Amino acid sequence: MMIQWRLRMAAAERGVWTATQLRRLLADEADYPLSAPSVGALLTGEPSQVRLSTLLALCTALRCTPNDLFDLETEPAPALGTHPAGPQLARRSSMPRSERPRTPARVPVRA
């Protein structure tokens, strides 16, 4: 799965082009003051994490939803009965526990 940060696009779609404009909007609309470097980093980079309070403030200021700020690219889920380790394991793991082949118990060898 890949997550793409789209704050710059979401802001541009709403007429916000600079970090200064976004910072003023966050302070006025969401009552959420952020430092100029923090706003600049959010606008120009792709953060590894975002506080929920910051996400809420961005959505309030830009009048958008989190879906407007993130673009998720997911791979399709594997088909039922398939397993990365091969079809043998897929068949075996889908069987009820009572029907699975038993693994012999390990008995300690005394010398």
Side-chain angles (χ1 to χ4, degrees):
M1 175 174 21
M2 193 169 126
I3 301 174
Q4 189 174 29
W5 182 238
R6 296 190 66 248
L7 177 60
R8 167 127 356 243
M9 291 299 294
E13 289 168 358
R14 289 154 180 84
V16 178
W17 299 99
T18 66
T20 304
Q21 288 175 314
L22 181 58
R23 185 172 182 224
R24 188 173 299 124
L25 198 61
L26 283 166
D28 294 345
E29 297 292 322
D31 194 28
Y32 195 78
L34 271 179
S35 68
S38 295
V39 175
L42 284 172
L43 200 57
T44 60
E46 188 156 319
S48 59
Q49 59 186 0
V50 179
R51 289 179 152 200
L52 290 177
S53 57
T54 304
L55 184 62
L56 177 62
L58 288 168
C59 290
T60 300
L62 295 172
R63 295 191 175 124
C64 66
T65 68
N67 288 341
D68 298 319
L69 301 178
F70 297 103
D71 190 20
L72 300 174
E73 294 178 22
T74 59
E75 295 178 15
L80 286 175
T82 61
H83 193 278
Q88 273 293 35
L89 192 53
R91 262 185 268 120
R92 183 173 167 212
S93 64
S94 62
M95 285 191 251
R97 189 176 200 86
S98 60
E99 296 176 19
R100 290 184 193 166
R102 299 196 81 168
T103 307
R106 295 185 181 185
V107 179
V109 178
R110 292 184 182 173

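Every value quoted in this text rests on a predicted model; they were computed, and no experiment measured them.
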Where do Ala12 and Trp17 come nearest, in terms of heavy atoms and distance? CB-CZ3, 3.5 Å
What distance separates Arg24 CZ from Thr18 OG1, expressed to the nearest 0.5 Å? 7.5 Å
By side chain to side chain donor-acceptor pair (under 3.5 Å), which residues pair with Arg51, not counting sequence neighbours? none
Determine, step by step, whether Leu7 and Leu58 satisfy the side-chain contact (heavy atoms from CB on, under 4.5 Å) criterion, reporting the C-alpha distance in whole Å, the side-chain angles of both residues, the deciding distance to 0.1 Å, and the verdict. CA-CA 9 Å; Leu7 177 60; Leu58 288 168; 4.1 Å; yes
Identify the heavy atoms of Leu42 and Thr54 that sit nearest to each other, and give their distance. CD1-CG2, 3.9 Å
Other residues, nucleotides, ligands: >12 heavy atoms within 6.0 Å of Asp31 CG: no
Do the side chains of Leu55 and Pro66 get nearer than 4.5 Å, heavy atoms only? yes
For a quick test of reading the model, state the closest non-hydrogen atom pair linking Tyr32 to Ser53 and the distance between them. OH-OG, 3.2 Å
Is a salt bridge present between Arg8 and Glu46, judged by a nitrogen-to-oxygen distance below 4.0 Å? no
Got a sec: does the CG of Leu72 have more than 12 other heavy atoms crowding it under 6.0 Å? yes
Minimum heavy-atom distance Val16-Gln21, with the two atoms named: C-OE1, 3.6 Å
Membership question, hydrophobic clusters at under 4.5 Å side-chain separation (ILVMFWY): are Val50 and Ile3 in the same one? yes
Glu29 side chain to Leu25 backbone, donor-acceptor under 3.5 Å: no
Which heavy-atom pair separates Ala30 from Ala57 by the least distance, and what is that distance? CB-O, 3.6 Å
Testing the basics here: between Val39 and Leu34, what is the closest heavy-atom pair and its distance to 0.1 Å? CG2-CB, 3.5 Å
Listed by chain and number, what are the side chain to side chain contact (heavy atoms under 4.5 Å, CB included) partners of Ser35, not counting sequence neighbours? Pro37, Ser38
For Arg14, side chain to side chain contact (heavy atoms under 4.5 Å, CB included) partners two or more places apart: Ala10, Leu62, Cys64, Asp68
Could you give the distance from CG (Leu52) to SG (Cys59), rounded to the nearest 0.5 Å? 10.5 Å
